[in-house]
Amino acid sequence: MTDLVTLAELGGPLAVIGGAAYARHAHPAAYWSTVGLPLSVARLLASYSSTMDACGLTVEPSRWRALAVRATTRREVRPVPPRRGVIRPTSTGLRVRLRLAPGQEPTDVAASAERLRHAWGVHAVYVRDVKPGVVELRLVGYDVLRKVRMPRRVDGGLLRVPVALREDATAFVRDYRAVPHELVLGATLSGKSMYLRHVISGLAAQPVALVGIDCKRGVELAPFASRLSALATDPGEAAELLPVLVKEMEDRYDLVKARQGIAPGIPDEEITSDVWGLPEGERPAPIVLFVDEVAELFLVATRKDEERRDEMVTHLIRLAQLGRAAGIYLEVCGQRFGAELGKGATMLRAQLTGRVCHRVNDEASAKMALGDIAPEAVYAACSIAPELPGLAVVGDTSGGWSRIRTPYLSLADAAAVCRDSAHLAPDVPALAPFRPYVPPAPVVASGTATSPRPVTE
């Protein structure tokens, strides 16, 4: 009887522990809000000074502080940690600002991020430079990339699209004004198409002309045809479309010259202004060119195909070099993109500032995407598991990089967004011949459906 009572008394605590363990695995956000957040705050408050001292982030106190301690107490004068601000809980972690002591720099705190993570029992710690002398610690309580939930509030705007979630629980925003051209690499089923869906559906609600080149007979971009201003579904159509885009770019440069009084004979490369300096009423609509499976434009079988390939690559390089000032931006996607594709591939890749690398089949493909801008990110790209589609490593020419993951978006939902926003497609007369045909939607009769009368003899 005593044993039964003991088991009954232990059943309650065991159930609580089991429920917490299940919630931590199945519902990490709920677990963090109820259990993880109070525990981490308690650890931080109780061990802040000792943790900073163990991480080597304390400094000797000032002379006046040392004199005050000796005069008011009999305690030993100990090194002081950085001054801590108010702890701000979030749905995914904590944020706290630190005022660095004289002689410290943000890299000192960043070097100790892994130690701080273990000391305070959180998933990760990230350091952000706020202003001179002040850094912000962003503590992430759980793996936010395992089940992506985008932040509720994201700063958007023209040519700014929230596409994915970063590993520090902030939104990754595709900003074409800051990073005009981008290369997106990834093997089959790596999430490359999901990334493209988010970009297209985000731009569909903006007054932006969307142009697609999909040499897989349009299977990737054809569902968005109602919102596309132009679409090429094979290399032959692409060879006709690209010169038109180059001519449109040159016409926009002429418009800038005429507005600002620049002599017509000055080369385009020497013009420092862009279309954003024009009045809003005279400014042409931005154009975003999506190239899916760029390798299809480089592959050739005959001598004639080789000449066409060289011409298309030349047009792409010109758009990448000069298109930004004319309001033309590139989103180039593929599985591999290296020198083995042929002449001009490396030169084109060098013009693509942004890099997004999903799971790839070999290390060489990761080096093609990230090796020339962030070599340390190559290993992170090679370690992406197949069971995590949508996970990618994003970087740019500044050398910074981070992991991101796009949330799930079905093809039907993305196509519906494009259909609903088809009226927002700006009028670009030069692209009118390449506008894809979209069959009208079937009209569903209103009212109550009735069964047909049976046929009688």
Side-chain angles (χ1 to χ4, degrees), residues 25-26 28-29 92-93 113-114 117 122-126 138 140-151 161-174 179 182-200 220 290-295 331-338 340-341 349 352-411 414:
H25 175 74
T92 57
E114 191 67 14
R117 178 179 80 87
V122 293
H123 178 73
V125 176
Y126 301 95
R138 180 181 290 271
V140 180
Y142 57 94
D143 186 3
V144 296
L145 299 184
R146 190 174 67 181
K147 187 177 181 181
V148 178
R149 297 174 61 185
M150 293 292 291
V161 181
V163 178
L165 186 69
R166 293 183 184 269
E167 57 185 344
D168 61 354
T170 60
F172 169 68
V173 179
R174 177 70 178 96
V179 183
E182 188 175 66
L183 174 64
V184 183
L185 291 187
T188 303
L189 299 179
S190 64
K192 184 171 76 274
S193 298
M194 195 71 63
Y195 181 90
L196 198 61
R197 291 177 196 173
H198 279 276
V199 175
I200 293 177
E220 290 288 347
F290 297 92
V291 182
D292 189 73
E293 292 300 342
V294 65
E331 196 79 22
V332 180
C333 306
Q335 298 187 34
R336 285 179 62 89
F337 194 62
E340 72 276 2
L341 291 179
R349 185 182 62 187
L352 306 177
T353 306
R355 307 291 176 84
V356 178
C357 184
H358 294 78
R359 177 179 55 84
V360 290
N361 293 325
D362 55 359
E363 184 180 356
S365 298
K367 290 182 178 179
M368 293 175 190
L370 303 168
D372 56 339
I373 60 172
E376 63 276 9
V378 174
Y379 175 77
C382 294
S383 61
I384 298 176
E387 59 268 16
L388 294 175
L391 187 64
V393 176
V394 59
D396 53 49
T397 51
S398 66
W401 64 277
S402 63
R403 295 179 180 87
I404 63 170
R405 192 178 187 188
T406 51
Y408 177 77
L409 177 64
S410 67
L411 181 60

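Only this structure's heavy atoms are used, side chains among them; waters, hydrogens and symmetry mates stay out.
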Evaluate Val140 against Val122 for side-chain contact (heavy atoms from CB on, under 4.5 Å), listing each step before the verdict.
CA-CA 6 Å; Val140 180; Val122 293; over 6 Å; no

Quick check: does any side chain N or O of His123 sit under 3.5 Å from a backbone N or O of Val144, one acting as donor and the other as acceptor?
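Looks like no, no N/O pair under 3.5 Å.
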
Would you say [X] and [Y] make side-chain contact, with heavy atoms under 4.5 Å?
| X | Y | value |
| --- | --- | --- |
| Tyr195 | Arg174 | yes |
| Leu165 | Ile404 | no |
| Leu183 | Met368 | no |
| Pro389 | Met194 | no |
| Leu352 | Val332 | yes |
| Glu220 | Phe290 | no |
| Cys333 | Leu196 | yes |
| Glu331 | Val291 | no |

Out of curiosity, [X] [atom1] to [Y] [atom2], how far, rounded to the nearest 0.5 Å?
| X | Y | atom1 | atom2 | answer |
| --- | --- | --- | --- | --- |
| Ile373 | Arg355 | CD1 | CZ | 5.0 Å |
| Tyr126 | Arg117 | OH | CZ | 9.5 Å |
| Met150 | Phe172 | CE | CZ | 10.0 Å |
| Leu409 | His198 | CG | NE2 | 4.5 Å |
| Lys192 | His358 | NZ | NE2 | 8.0 Å |
| Leu388 | Ser190 | CG | OG | 12.0 Å |

Are side-chain N/O atoms of Ser365 and Gln335 paired as donor and acceptor at under 3.5 Å?
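There is no such pair (donor and acceptor under 3.5 Å, judged by atom type) between the side chains of Ser365 and Gln335.
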
Non-neighbouring partners of Phe337 that pass ring pair (Phe, Tyr, Trp, His ring centres under 6.0 Å), sequence neighbours left out
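Result, ring pair (Phe, Tyr, Trp, His ring centres under 6.0 Å) vs Phe337: Phe298.
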
For side-chain contact (heavy atoms from CB on, under 4.5 Å), just list the numbers for Glu376 and Leu370, CA-CA rounded to whole Å, side-chain angles, deciding distance to a tenth of an Å, and then say yes or no.
CA-CA 9 Å; Glu376 63 276 9; Leu370 303 168; over 6 Å; no

Heavy atoms only: give me the nearest [X]-[Y] pair and the separation to one decimal.
| X | Y | value |
| --- | --- | --- |
| Arg197 | Ser410 | NH1-C, 3.6 Å |
| Pro407 | Ala164 | CD-CA, 4.3 Å |
| Ala381 | Ala366 | CB-CB, 4.1 Å |
| Ala392 | Ile384 | CA-CD1, 4.0 Å |

Would you say Leu411 has more than 12 foreign heavy atoms packed within less than 6.0 Å of its CG?
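Above 12, so yes.
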
Should Asp362 and Arg336 count as an ion pair when the cut-off is N to O under 4.0 Å?
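Here Asp362 pairs with Arg336 in a salt bridge, since their nearest N and O are under 4.0 Å apart.
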
Pairing of Glu167 and Arg405 as salt bridge, 4.0 angstrom limit:
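Salt bridge between Glu167 and Arg405, a charged N being under 4.0 Å from a carboxylate O: no.
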
As a test of understanding, state which of Val356, Val199, Val173, Val394 forms a side chain to side chain contact (heavy atoms under 4.5 Å, CB included) with Val163.
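When side chain to side chain contact (heavy atoms under 4.5 Å, CB included) is applied between Val163 and each of Val356, Val199, Val173, Val394, only Val199 qualifies.
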
side-chain contact (heavy atoms from CB on, under 4.5 Å) between Leu391 and Leu145: does it pass, once the steps are laid out?
CA-CA 8 Å; Leu391 187 64; Leu145 299 184; 3.6 Å; yes

